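These notes concern the structure reproduced below.
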Amino acid sequence: MKSVRLIHAALVADGANVQAAPGALLLDGRRVVGVGSPEEVGRPAGVEVESLHAHAVMPAFVNAHTHLDLTACGYRPYDGDFDAWLLDILAFRSQQTPESVDASVAQGVRALDAGGVAAVGDIAGHQAPHPSLKHLAAAGIGGVSFTEIFGMGPRIPGAFDVPGAPTSPGPPGAYLRPGWQPHAPYSSDRRVFAASLETGYPVSTHLSESPEEIEFIRSGTGRFRRFLEKLGVWDGSAHVGVRHPVDWLAQILQGAPGARALCAHCNYVDDPALDILAAGQFDVAFCPRSSAYFGHVGHRYREMLQRGITVALGTDSMVCLTTPDRLSTFDEFRFLMRRDGLDLSTALAMATIHGARALGLSEDAFRFATGVAQESAGITQVPLDRPGSTVAAAAHALAHTQAAPAWLLRPQAPDSHPNQNQPQILRNYCL
Ligand SMILES: [Zn+2]
């Protein structure tokens, strides 16, 4: 019975249909074999109760969009001057060496681990693809490491020539896979998007983040046009004159049946774009604190959820976060509960199973599923002030706690993933 653990907690909750206060969780190894109230779960003979009477117990979190290579940049205040902000970030990037990129990614992976995150959509910039796969694999963190590419005008032919970029999509069903991230519709031509989708790798991008992006896609004018001209990559060949960035990407996705695009932000979505998102091959990675940092308001994530769109949560990079020790969607779902009054179940679903779905992982690994073969990706615990004795009281305490999540069950050791240990991952993808 050594591998059997019985946990009692003030709140046991997941993003599916588990909510119990007080709650109990019965584990056999990494498998959930009982969940509910302490009475419902009972106590197998010879098993001691692990008491967490002032804690919430939840599945591991999924961070569907972040930039690990920017972790060392740290928080930078934003005063509304986007060009100045971008120059600041580019200055940081220009000083990065292969060694400092590696260190920044490693710091980012530690920040994921410190936030109870077991799967991630990492956007690996210049020099970062290999460190991203290496450090994620070493930590047993799954998901997709998207290599970021840029390609407009004369840079289109070399868009995929990124040092250290993966050379194989690896075996299907792997817990950690490489992908491509054409940066955005204003920085990567439609031919680059189409070529990314044709590879069969998972594809992500930034989409409809700002009004300036809509202007560029509509008329080829504005700040992004000036930026491309400054970089010397505007040659007039960019495909513009499309109503909205969502329409623009939908046209490209039509040429790639079965493919999906994980789209970060989607801050500006009107009714026709919402219809296209709901009908099409889109998943959304919503980064609430990042949107707030840049002053974007009125995100339509609740309508997206009602329309059946998978809306996962992401943190975006450490640059916009005031939690220097962690990169966790734990803070995103609590932010939405406090700011928008979002209910615990929906918020937790966005931070766990929606992210798993968007990254092609098993949803069962990120909820308290009994009667399934799937092992848990990890289980987190968070101390609560005054948790009370109801789900509502405990959810309120969870939304307002200052504490960080800790592991009750860590992500699986990397060498326990069958055929997917760290050296094999690097061999599969990078050599
Ligand atoms: Zn991003």
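Remember, it's 1-based here, ligands and their atoms both numbered in the order they're listed. Bear in mind the structure is a predicted one, so any value in this text is a computation, not a measurement.
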At a cut-off of 2.8 Å, what protein N/O/S atoms sit near the Zn ion (ligand 1)? H65 NE2, H67 NE2, H206 NE2
Less than 3.5 Å apart, any donor N or O on the side chain of H244 or Y268 sitting next to an acceptor on the other? no
Cation-pi geometry met for R334 and F330 (6.0 Å, 45°): yes
For Y186 together with W248, are the ring centres under 6.0 Å from each other? no
Side-chain (S188) to main-chain (P185) donor-acceptor, under 3.5 angstrom: no
So ring pair (Phe, Tyr, Trp, His ring centres under 6.0 Å) across residues 148-169, not counting sequence neighbours, yields F150-H183, F160-W180
Validation row, ring centre H265 to ring centre H299 under 6.0 Å: no
